[in-house]
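Report on the following structure.
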Number of protein chains: 2
Amino acid sequence: MSASSPSGEVPARGKRADAVRNQQALLSAAAAVFVTSGVDAPIREIAATAGVGMGTIYRHFPTRADLVVAVYRHQVDACAEAGPTLLTSAESPFAALRQWIDLFVDFLVTKHGLATAMQSDSSGFDALHAYFLDRLVPVCAQLLDAAVTAGDIRPGTHAYELMRGIGNLCIGRDNDPRYDPRRLVELLLQGLQRPQSP
Amino acid sequence: MSASSPSGEVPARGKRADAVRNQQALLSAAAAVFVTSGVDAPIREIAATAGVGMGTIYRHFPTRADLVVAVYRHQVDACAEAGPTLLTSAESPFAALRQWIDLFVDFLVTKHGLATAMQSDSSGFDALHAYFLDRLVPVCAQLLDAAVTAGDIRPGTHAYELMRGIGNLCIGRDNDPRYDPRRLVELLLQGLQRPQSP
DNA sequence: GACAAAGCGGAACAGCGCTCCGTATCGTAA
DNA sequence: TTACGATACGGAGCGCTGTTCCGCTTTGTC
């Protein structure tokens, strides 16, 4: 577990350029497909989305768990890096927070899928979860602080608490049309936005 | 949920005799296959074990959840009826208890499979769980009492507690050779058997 | 430019869930 | 007892899946 490169995946030095390209494409494609079709999405669909053959997937990620874990780390890194970027690009700190949470919700699909994909290896899962907290809680806190400072939201909410709340809202969303976590998350956000005093 | 017939499944009056026969065969076969291959066992395997065609399975149980639920109820009833029977047939109340628990452990595979097979319909699951408790706790208590009265085991153990303990021991036994719940259950039983005083 | 080596794609195979319909069996009324 | 609908049965067949394997392409190097 040598968390070396700050920009996410280790570039696998010595690898050919096309191999590195494909690996990145695969990670992005898999992340997107997981959101729309769940972590059990057909391999073919992921390959097609990435524009590669199936053999390429199996070469890079021999088992489904390998792929899910890789996507997970990739997403954690992407989410962590998106925080500061959004803060400068979005029209307000609150907008940045909302967009970041949107990314975060997408990511939770992978995170929850990870739990089932790794039911045997709980120690490995714990390590990944620690990595998740280490990288994302500070980013969320930064976004929260900025929004508070700008007067967009009320103070007093902790990053860990918010992330955990959102995470819990997103449990059990197996394409049940009666339960849309995003609606509830949006509610949470609006509650954050409006100060309680008249 | 009209729990009418004390002997388990409602005989489905008006149905043809062979249909009733096949339904029973299917329930027994599925229960057996679940134990050896899990609740995700191929439909073909269940059909073959029951000696029927696949069409027959789908006619009786349109979805996998239907089959699992039916097996579940069938098993609860079988387990409940086995208690008194074992008490008269086994060589001692303790032997009866042990044999009954063996049945119970088999049954737990179905019960745990049920949870995943019904992840959407939690209210239906609760009803089934209540049925499970209503029928089996008294039977277990009866076996326990008999063994205590006979001096086979120490007193003071409650049926619900024992059943729940065994249930928990049987969590996560997905063909992992390093974890055999039956060994631990046997240990529990031996602990029950031997009074602590010298 | 030439040439290994590394990597790629997708045809091919095996196994699965599920459907459909010709056939066999059952219950019943004559 | 026989005859005849109604009911239920079986399994071939279809479409989808994971996984492997190998001929072909791309890459980096000299």
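Below, chains carry the letters A, B, ... as their sequence lines are ordered, and counting in each starts from 1.
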Pairwise distance NZ(A/Lys15) to CZ(A/Arg21) - rounded to 0.5 angstrom
14.0 Å

Got a second to check how far B/Gln142's CD is from B/Leu87's CG, nearest 0.5 Å?
5.5 Å

Value rounded to 0.5 Å, distance of CE in B/Met54 from CD1 in B/Ile43
9.0 Å

Are the side chain of B/Arg154 and the backbone N or O of B/Gly191 linked by a donor-acceptor pair below 3.5 Å?
yes

How close or far is atom C1' of D/dC14 from atom CE of B/Met54, stated in whole angstroms?
11 Å

Where each residue is assigned the nucleotide of DNA chain C containing its nearest heavy atom, which of B/Arg21 and B/Gly55 is assigned the position nearer the 5′ end?
B/Gly55

Within residues 42-53 of chain A, the residues having a heavy atom closer than 4.0 Å to DNA chain D are A/Pro42, A/Ile43, A/Arg44

A/His60 NE2 - D/dT19 P separation (whole Å):
17 Å

Any Lys/Arg nitrogen of B/Asp106 or B/Arg182 sitting under 4.0 Å from an Asp/Glu carboxylate oxygen of the other?
yes

Rounded to whole Å, CZ of A/Phe61 lies from C1' of D/dG18 at a distance of 17 Å

Would you say a side-chain N or O of B/Asn22 is under 4.0 Å from OP1 or OP2 of D/dC9?
yes

What nucleic acid atoms does B/Arg64 come within less than 4.0 Å of, heavy atoms only: base, sugar-phosphate, or nothing?
sugar-phosphate

Under 4.0 Å from a heavy atom of chain A: give me the 5'-most and 3'-most nucleotides of DNA chain C that qualify.
C/dA5 to C/dA12

Mind calculating the distance between CZ (B/Arg59) and C1' (D/dA6) to the nearest angstrom?
13 Å

Tell me if a side-chain donor or acceptor on A/Thr88 pairs with a main-chain N or O of A/Thr85 at a distance below 3.5 Å.
yes

Is the side chain of B/Thr49 donor-acceptor paired with the backbone N or O of B/Glu45 at a distance under 3.5 Å, no angle test?
yes

From CG of B/Asp18 over to C1' of D/dA8, roughly how many Å is that when rounded to an integer?
6 Å

What do the steps show when you test A/Tyr72 against A/Phe125 for ring-ring contact (aromatic ring centres under 6.0 Å, His included), and what is the final call?
CA-CA 11 Å; A/Tyr72 180 83; A/Phe125 180 80; 7.5 Å; no

Enter the distance from A/Leu136:CG to A/Lys111:NZ here, rounded to the nearest 0.5 Å.
9.5 Å

